[in-house]
Structures are given as structure tokens and as C-alpha cells.
Protein chains: 2
Amino acid sequence: MTAAGKHQVSRTDTTRRRSRPVRAGIRDVAAAAGVSITTVSDALNGKGRLPDATRRHVREVAERLGYRPSAAARTLRTGKSGLIGLTVTTYGDEPFTFTEFAYFAEMARAATSAALARGYALVILPATSRLSPVDVWSNVALDGTVVVDPADDDPVVRELARQGLPVVSDGRPAGSLPVTAWVDNDHEAAVLDILDHLAAAGARRIGLLTGTTTDMYTRLSTSAYLDWCARIGQDPVLEAYPAHDPCAGAVAADRLLARPDRPDAVYGLFDPNGTDLLAAARRYGLRVPEDLLLVCCSESTVYASTEPPVTTLSLKPRRIGTAVVQLLIDAIEGVNQDQPVEQVIPTELIVRTSSMRRSPRTTVNPPRSPGQG
Amino acid sequence: MTAAGKHQVSRTDTTRRRSRPVRAGIRDVAAAAGVSITTVSDALNGKGRLPDATRRHVREVAERLGYRPSAAARTLRTGKSGLIGLTVTTYGDEPFTFTEFAYFAEMARAATSAALARGYALVILPATSRLSPVDVWSNVALDGTVVVDPADDDPVVRELARQGLPVVSDGRPAGSLPVTAWVDNDHEAAVLDILDHLAAAGARRIGLLTGTTTDMYTRLSTSAYLDWCARIGQDPVLEAYPAHDPCAGAVAADRLLARPDRPDAVYGLFDPNGTDLLAAARRYGLRVPEDLLLVCCSESTVYASTEPPVTTLSLKPRRIGTAVVQLLIDAIEGVNQDQPVEQVIPTELIVRTSSMRRSPRTTVNPPRSPGQG
DNA sequence: TTGAAAGCGCTAACAT
DNA sequence: ATGTTAGCGCTTTCAA
């Protein structure tokens, strides 16, 4: 008690007394426990060589007073905030694209879990700086940032790098963008795989439903398709639409099947393409997979129970989200410096009826026999 | 220049010189601009009565040095961080439920936009404290928190309230949970509405696909259903399953249609129920809507192009996300104190073929004529 | 109109 | 084994 010191006591007297019950500070705990603030700090943070008795005592007192350390003060002092920025390319006013919902939601979920498990939290930030009058970016102390789909010459990434903050991107950066590390799929290989799969199922002319945006995913996938066509000797049959507009997708799907050189198989690069193509096929009286083979890139489970179920390509967003965060935190904490800075996550093709010309068993037994058999 | 003071100069000499180009601080800007740090602060924050010339000059210098104010220092000094926590009830290890993806993604997106527009950012946090060895909650300075679906006696909410932080919940709190405000739909009215809609379409026995969880949404919706049954004189036909398990949903849908007292209409409380019920109906050879009327609660657009399209109830997550954030920031900033603290957002029933016994036009003309008519 | 100085609450280097 | 002290970088009285 006596050792608590004059400073604390006088401060408590003059500042605290008359105000309403304000959050207890480290000094209050020190005073109540009869130790110095250093001891409190050490006891709570597991530092120093304190006897267990002291440590336990201090913790009890802190608990009793409902003491919560000030995150701001700790951050100011240590230079680490435990906060990781999460940024997604913006279309229009919305922070992320509608068509990428399932992908983004899964990726963000995995990233959140991975971050929390290592004691960090994610802060959602806009890809465009100065969205609001006050720049949110400068209002938050970040230890590093995850950037999803960085633009070709992303100004946010550049600025972050200039500040010396580690940046890890989901999606390989174009050109010389200075990211600390990146995680991505091998989109070209994935597309070639699907085209071969469709060809093996009997496709003679494969169409592509693609986007008008110039992000890496769209660009790589489309050029892989064009290369494949050139190699095989097939004329490309593709329709592009602005991927952020859900209605445009339905129209593009329709347009693709309305062409004179109508494809007998289609790969759609975006999540809703499956249902859109299915609907378009119905409108034209095309049977799937008999008249039209179908694959789309999606993370949604609805394609397991559509009629017919649709073959999908999963980009494994969970694995990507986890990997991105691990790489970032490793960079922040300076561990695993020997780890590769580029990580390629394998994709998974989930083959369902829509791309199986060989097994047209349209009659499926119910899992168990209903009353009326 | 001379006015910059001894302190700054000596610090620059001793601390800065030999280390690598570290972020410029307010003192560096002050020195370079030949003013005091007070003037820099005022110039950058639009405070004080500085002549425009001074203000512009300081801003130029700051820009040139690439000065970024320290968020931690500002937070420590002002007590405001500009950070809002976003918490979702956890099932298992994952921070949020699979079945609520679309709802949550939309709600979070709207909340993020609304927050950014007012200069705040969202931090994703686990509903369960102490998920990781270090408690992330105490590592971040929050101005307030949004809680999605608070538990009946949510310890996180209680602790936050104890700390004097404003808490706004998406979903009305049970009992005496001390939230500052809440936003919710009128789930009971929505369910009654749907049941009446189905009855009007000719349903004689309406079933319910519900959850085993005890959250408010499930509880209110189920009891509204039971009340309706009692009032109408129908025996309840319901199947409950753990909503966080996507496979369990398919099984429950199947079970519901396998019952001896098979319903001729079903309302499913969760997003994937529509596709699951559609698949189950196909297995039992039931035509929708002729043999079975279908409605489910969903935010997904896939139900617009399923076969047949499914009637859905939207909870309007965008409006909820926006409202929740507005109420929270109002509370943080102490404005609009007169605003109601409980806000009910109307739901929207999007009627599609699956619940229209009257208009069985199964043949639809394509939006435009294809080459082969 | 501008500047000096006092901390915000904590951690870490350095006493004792 | 524990305490004293000096800041982290900023905002904010108060004085000039």
C-alpha cells in the first residue's frame, strides 16, 4: 500500500473521486494490490520473474476491479495493434462484388478465424481511399493488410508499402506491385483442366461466359481459354458481361445460347452463371447434359441440388483466406522468413451430372422409402 | 525554423538520423514547416483560427513528407478510435453460420458502407471471448459494437455494457439484455403473412422446416406457426434440424415430405431450404406448385431462376445493417438522442411460381427469339 | 495568431 | 523481486 507512491494516490484523489465510476486504470490496480504499475503490467502479461503468489494476487485484484488494459496505450507504446486490414476491390459504392459473395464470405470467414487464432482481428476497409470525408485508413493503426484482387497499379497497396507495412494479396499482383507475398490458384491450369474434361465428355464446341473486367482472374482464365481454342483448332465462342451486375449475367447466358454457332458445352467464370445457364437452356429447350454440358466456377452448395446438379470448380477460398493471413502474420512477426512468398492453392473440380454425358441416370432413388413408395 | 524548438531538433538528431527512413511524425512536419506541432495539428484537423496561407503551407509540407498521423496516439488522446466491433454468434469454431451466409454477407456489406460513410471502420470479432490464448477483445479500442443475434444472456454484451460501451443488436435481445438499441423484423407477422398467402393459394396442410437452435428468429417464427395452426385448427407438421449443418437440412426436407401426414405446402426458415425442398419434391415425384407449394426465407437470387422459381421472404439485411450502424454511431456521438431505440424493418415477400397454384404457365417464351426459333 | 507544456495509459530500460 | 522513470505521438488547455 505505502509503496504505491504519491503520484497514484494524488491522481486518484484529484481526478477520479468526483467523476462517475470510470474504467479502472493500471494505477488503480497497482494501488489496490499494493504494488507498482510495473508489477501489474508484468503480472498480467506473463512477463518478468514474479513469484506466482504476486502474479495471482494482482490478477485477482485486476479481475475484481474489472480492469481492462487500454488497447490504444499499448499500441502507442509497443507499435503493434493486433489489427489487420482487409480490403476488397470496389465496384461502384459497394465494398464488394455481388457475384463474389460466396467466395468472399468463405474467404473472409477463414481469414477471420485464422487471424483470431493468432490473436489478431480483421478490420474491413475500402479499396478506394478517401471514400468518406475523413480517410478511414489513417484512423486505424494496422500491423499489415490483406488485399483481395489488387488492381493493376493499386494505389492503396503502393501507399501501404511506402509506409513499410506488410501487404499480402489474394490473387497474384500485376506487374511490379510491391506485395510482401501472395496466394492464388493456378487459374490457367484450372481452365485447361475443365476444357479437357468437357472435351472428354464429348463436347465439340465449348463456349465461355466471361467478364468485361480486367482483373487477373478474368484475364488469365480468358486467355487460357483462347490458347486452348487455338491449340485445338476451335473458334472461340465467348460472351463477356460486367460481372458485378447480376442481371447482365442472365442476359449474357441467353445471348451465348442464342448464337448461330451455339456451343454444346459452356464454362461460366462466375458463381451465378450456373443457374443462369440452366434457365437459358430451359428457355431454348436444351437438355442438360444431353444437349449442353455445363460447368461453372462457384463456391455455392446450391449446385448440388439443382436439376440437374451442376459441375463446379471451387477455388478453395477457405484455404486461401487461411494462407493469406498466415503469410501476413508471419511477415508481421518476422517468423518463417524462409517461407515462399508465393503460394499456389490447388482448385477442386466437383463433377456432377451437368457435365457427365456418359451417365444419364435421371432417375434417382429417394434416400429412404416414403410412405407411398 | 528557429521557432521549431530545441526538443524536436535534438530528438531528430539522436533518434532519427541513423535509423532507416522511419515514418515522419508531427514534429518532423512542424520542423520542416517552421511552425509548432500545435499549428500542424490544427492545420491538418481544420481546427483553430489559422490563416489560410499557414494551413496550406503546413498541409503541403505534411504531404511532401508523406506524414500520416498515428491513429494510436490520437485514440489515446481523444478516447475515440473510430472502430466499431461486429460480432456474430458462433457455432463450433467458425465465426458465423453457413446457412446465414447470404444474409450476413449482405448485412455486413451494408453495415460496412454505412460505417465508412461516417468515418468509422468495422472490426470483426468472435462472439465468444477468449477464443484464442490472448483475448482479442481487449486488444482493440472500440467506440461501440454491433451484435448479430445476441444470445439470451450474452456475456459479451453484458461485459461491453459494463464498460459503458454502446451496443446495438441485429435481432431483438431476450429478457433484460442491456443493449443501447436494436433493429429487427417482425418475424411473427412475416410468418403469419406467409401462412395466409399459402392458404390463399389453396394449401390445406402447411408444414414448417425449422431449426433446433433457440435464437429469437427460430423461436418467434416457430411459435407464430404453432399459434396459427391452433387458430386455424391444423395439426402442426414440422421438422427441426441444426441449422448450421447444411447436410442436415437436406435430410430434414426429405423427412418432412416422407411423413404420413405429408403437407401440401411448406415454409422453410433457412436459406438453403428452397433447393433442398425442391430436390426432395423431385425425389417423391411431387410437382411444385401443383402438388406442393413452397416458400423459404432467403436473400439469394438463385431462387429467381430455379425450376420452378421459388417464392422467398427477404429480411432486408441491407436495411438492417445500415440501420444498426446508424443507431450505433448516433449513440457514440450522442446525436439523435430522441430517436427510437427499437427499429422494426418490414420484410418483403417475393412471390414466384412455387407458391402460385393459380398461374401454372410452365411454358415461358425466351426473352428474344433465338436463331432456331 | 501561434507556441509551450501537460498528459492520455501503458511498457521497457534501468535502478534498487 | 519490485519500483522509478522516460517516453510512444498526439490533442488540448492555457499563455504569450
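So you know, we letter chains A, B, ... as the sequences are listed, proteins then strands, and number each from 1.
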Requested in this report: List in chain and number order the residues that pass side-chain contact (heavy atoms from CB on, under 4.5 Å) with B:Ala141, two or more places apart in sequence or in another chain; answer none if no residue qualifies.
Outcome: A:Ala71, B:Thr75, B:Ser81
Query raised in the report: Taking only residues two or more places apart in sequence or in another chain, which ones pass side-chain contact (heavy atoms from CB on, under 4.5 Å) with B:Ser138?
Result: B:Asp135
Query raised in the report: Is there any salt bridge (Lys or Arg N to Asp or Glu O under 4.0 Å) pair reaching into residues 137-146 of chain A, and which pairs are they, with sequence neighbours excluded?
Result: none
**Report entry** Integer-rounded Å distance: D:dA6 C1' and A:Leu76 CG
**Finding:** 13 Å
Report summary line: Sequence neighbours excluded, the answer for side-chain contact (heavy atoms from CB on, under 4.5 Å) partners of B:Ala121 is A:Val123, A:Leu125, A:Val136, B:Leu83
Report task. Tell me, please, which residues at least two apart from B:Arg59 pass salt bridge (Lys or Arg N to Asp or Glu O under 4.0 Å). Result -> none
Query raised in the report: Which pairs pass side chain to side chain donor-acceptor pair (under 3.5 Å) with one or both residues in residues 165-178 of chain B, sequence neighbours excluded?
Result: B:Tyr103-B:Asp170, B:Arg172-B:Asp184
Query - Spacing between B:Leu44 atom CG and D:dC10 atom C1', to the nearest angstrom - result: 12 Å
**Report entry** Residues from residues 59-67 of chain B lying under 4.0 Å of DNA chain D - heavy atoms
**Finding:** B:Tyr67
List, with names and distances, any nitrogen or oxygen atoms from the protein found under 3.5 Å away from nitrogen or oxygen atoms belonging to nucleotides 12-14 of chain C.
residue: C:dA12; atom: OP2; partner: A:Lys47; partner atom: NZ; Å: 3.1
residue: C:dA12; atom: N6; partner: A:Thr38; partner atom: OG1; Å: 3.1

Query - Residues which pass side-chain contact (heavy atoms from CB on, under 4.5 Å) with B:Leu165, listed by chain and number, not counting sequence neighbours - result: B:Leu142, B:Leu160, B:Gln163
**Report entry** Sequence-distant partners of B:Arg158, side-chain hydrogen bond (donor to acceptor under 3.5 Å, both in side chains), two or more places apart
**Finding:** B:Asp153
Report task. Give me the bend of the helix from C:dT1-D:dA16 to C:dT16-D:dA1, using the axes of the five pairs at each end, rounded to 10°. Result -> 40°
Query raised in the report: Can you name the salt bridge (Lys or Arg N to Asp or Glu O under 4.0 Å) partners of A:Arg162, sequence neighbours left out?
Result: A:Glu159
Query raised in the report: With a non-hydrogen cut-off below 4.0 angstrom, is A:Thr54 in contact with a base, only sugar-phosphate, or nothing?
Result: sugar-phosphate
Query raised in the report: Given atom CG of A:Asp28 and atom C1' of C:dC10, what is their separation to the nearest angstrom?
Result: 13 Å
